[in-house]
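Just so it is clear, the model here is predicted, and its values are computed rather than measured.
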Amino acid sequence: DDDFFALGGNSLSATQVVSRIGAALETAVPVRVLFEGATVEGLAARVAEHAGAGGRVPLVARERPDRVPLSFAQQRMWFLNQFDPSSAVYNVPLAVRLSGALDVAALSAAVSDVVERHESLRTVYPAGPEGPVQVVVPVSAVGLDLSPVSVSVAEVAARVGEVIAAGFDVAAEVPVRARLLRVVDAVDEFVLVVVVHHIAGDGSSMGPLARDVMVAYESRCRGEVPGWAPLEVQYADFALWQREVLGDENDPDSLIARQTAYWRSALDGLPETLSLPTDRPRPPVQSFRGATVPFEVPAAAHTALKKLAREHDATMFMVVHAAVAVLLSRLSGSDDVAVGTPIAGRGERALDDLIGMFVNTLVLRTRVDSSASFAELVQQARAVDVAAFGHADVPFERLVEELAPVRSTAHAPLFQVLLVFENFARSVFELPGLTVAGVEADLDTAKFDLQITFVERFD
């Protein structure tokens, strides 16, 4: 009778829990059942209603057809990339400072090991008669060069920036690059920079990437090959599985048809834009230029927010969502507030250790009644969020096509404010004989009018 969310559960882990229960029972278990019954006792009673119902397509390695399509998220990334291959807006960087006795040959071999392990890092996406396809190339064709490049301490930030700011043409080249900088005016100091294009990796991919590099480096330092267990699936398997799970849009009983119907109703009449006060006119074409403004919610307020969440059977994300909706309503003068939020899309166990583009985007629409209490708004946010999590399989890209909002080069469709709550497990990057520290790798890019990112820290 312990409460899952009181013990630290969140929407990400809730999705993983119901996916694993569904796999064990060979059925599809909706995520809402965990929010409705957040104890083992309550969950068991609700899951019993779904046991034996079937409807679950297992994610396993499968025979590849001659033409492997892109996943839905990859299709959008491909289009955006081909529109401007020089843009770095969708680059995902990892930059670390390595101090100590670095074995450069072992590191180079370790990075090659990781590229071989994850097909997504050595896939190109050429256009074909029926659209882009996935083509996996051998490691020998990737050509990552980790020969140390000498730089001064003063040059490090600029050189890191150069590496992560360079674009990719994903139709012609693999979506990963790596550079090793040797800091010449410091003793035994290097900076490793790895950049993955979003078509091949997301924020949650940085954990498996860092972990696999560490395992491989330790093995290579001993003169051995990594002894990791083979991956259960590769990204191409996921792309094929995703299409099978969603089904045919023309079949009203398919998952994609049912969930699209929900979103069509939930977002009916949504205003084209949320008009926030700005200090200059909106340009006709997004520049993607941005800046970061840090702020901190004090520990005492954080503790009170957690208490408030528990009192209303809500998660911290739901409380934050309600607060942001109130803020945006007051700033815009509108009571109809929509924000986007990323969802990891990694419910299946086979995806835990895989590098790839799994993240989806949900649109959370809230009607802010200025006469309501904040507790009532939290309850409304909870209802909106649980419903959205339960219809999270429809790719955002497909939803935009289906709902056909007014398209503009000046702003994003359906929402212009992104709310991010980073609660995925953070990996510590450790290599034997080395002190490792992060390096600031901010692109200063902005995909939306405003992005609000919350990261919880605990002492």
Does the side chain of Asn91 pick up a donor-acceptor pair with the side chain of His197 at under 3.5 Å?
no

Less than 3.5 Å apart, any donor N or O on the side chain of Ser152 or Glu155 sitting next to an acceptor on the other?
yes

Does Gln234 reach the main-chain N or O of Glu119 with its side chain, forming a donor-acceptor pair under 3.5 Å?
yes

With side chains defined as the heavy atoms from C-beta onward, is the minimum distance between Lys447 and Leu418 less than 4.5 Å?
no

Can you see which heavy atom on Pro432 is nearest to which on Tyr217, and at what distance?
CD-CD2, 3.7 Å

Do Arg76 side-chain atoms and Phe72 backbone N/O form a donor-acceptor pair below 3.5 Å?
no

Do Val191 and Val96 come close enough that some side-chain heavy atom pair is under 4.5 Å?
no

Please confirm whether Phe454 and His302 have ring centers closer than 6.0 angstrom.
no

Does any non-hydrogen side-chain atom of Val176 lie less than 4.5 Å from one of Val194?
yes

I'd like to know if the side chain of Asn10 reaches the main chain of Phe5, judged simply by a donor and an acceptor atom lying under 3.5 Å from each other, with no hydrogens or angles considered.
no

Before you tell me yes or no, could you show the steps for Leu180 and Leu107 under side-chain contact (heavy atoms from CB on, under 4.5 Å), namely the whole-Å CA-CA distance, both residues' side-chain angles and the distance that decides it to 0.1 Å?
CA-CA 10 Å; Leu180 183 63; Leu107 180 62; 4.1 Å; yes

Ile355 versus Ala200, closest heavy-atom pair with distance
CG2-O, 3.7 Å

Thr453 side chain to Phe421 main-chain N or O, any donor-acceptor pair under 3.5 Å?
no

Exercise: identify the closest heavy-atom pair between Phe396 and Pro413:
CZ-O, 3.8 Å

Distance-minimising heavy-atom pair for Ala178 and Leu144
N-CD2, 3.9 Å

Would the distance check show the side chain of Gln74 and the main-chain N or O of Ser71 forming a donor-acceptor pair, the cut-off being under 3.5 Å?
yes

Can any side-chain N or O of Ser13 pair as donor or acceptor with the backbone N or O of Gly9 at less than 3.5 Å?
no

For Ser265, is there any backbone N or O sitting under 3.5 Å from a side-chain donor or acceptor partner on Asp268?
no

Does Leu94 form a side-chain contact (heavy atoms from CB on, under 4.5 Å) with Val195? I'd like the steps, not just the answer.
CA-CA 6 Å; Leu94 173 68; Val195 185; over 6 Å; no

Side-chain donor/acceptor of Ser19 to backbone N/O of Thr15, under 3.5 Å
no

On the ring face of Phe168, is Arg177 found with NZ or CZ under 6.0 Å from the centre and within 45° of the axis?
yes

Residue pair Ile256 / Val394: nearest heavy atoms and the distance that separates them:
O-CG2, 4.0 Å

Would Phe35 and Met318 count as a side-chain contact (heavy atoms from CB on, under 4.5 Å) if you check the C-alpha gap in whole Å, the side-chain angles of each, and the deciding distance to 0.1 Å?
CA-CA 12 Å; Phe35 286 93; Met318 294 168 183; 3.2 Å; yes

Between Trp241 and Phe238, how do the two ring planes meet: parallel, tilted or perpendicular, split at 30° and 60°?
tilted

Of all heavy-atom pairs between Ile199 and Met357, which one has the smallest distance, and what is that distance?
O-CB, 3.7 Å

Got a salt bridge between Glu456 and Lys306, using NZ or NE/NH1/NH2 to carboxylate O under 4.0 Å?
no

Charged N-O contact under 4.0 Å between Arg282 and Asp449
yes

Test your reading of the model: is there a side-chain donor-acceptor pair from Gln416 to the backbone of Ala412, 3.5 Å cut-off?
yes

Considering only NZ, NE, NH1 and NH2 on the basic side and carboxylate oxygens on the acidic side, decide whether Arg117 and Asp212 come within less than 4.0 Å.
yes

Under 4.5 Å between any side-chain heavy atoms of Val339 and Phe415, yes or no?
no

With salt bridge (charged side-chain N to carboxylate O under 4.0 Å, His left out) as the rule and sequence neighbours excluded, what pairs involving residues 345-374 come up?
Arg20-Asp352, Arg56-Glu348, Asp202-Arg346, Arg211-Asp353, Glu232-Arg349, Asp336-Arg365, Asp336-Arg367

Ignoring hydrogens and geometry beyond distance, is a side-chain donor-acceptor pair present between Thr366 and His321 at under 3.5 Å?
yes

Donor + acceptor pair across side chains of Asn81, His198 (<3.5 Å)
no

Is the shortest heavy-atom distance from the side chain of Leu181 to the side chain of Val160 under 4.5 Å?
yes

Is it the case that the side chain of Thr341 and the backbone of Leu419 share a donor-acceptor pair, with hydrogens and angles ignored and the cut-off at 3.5 Å?
yes

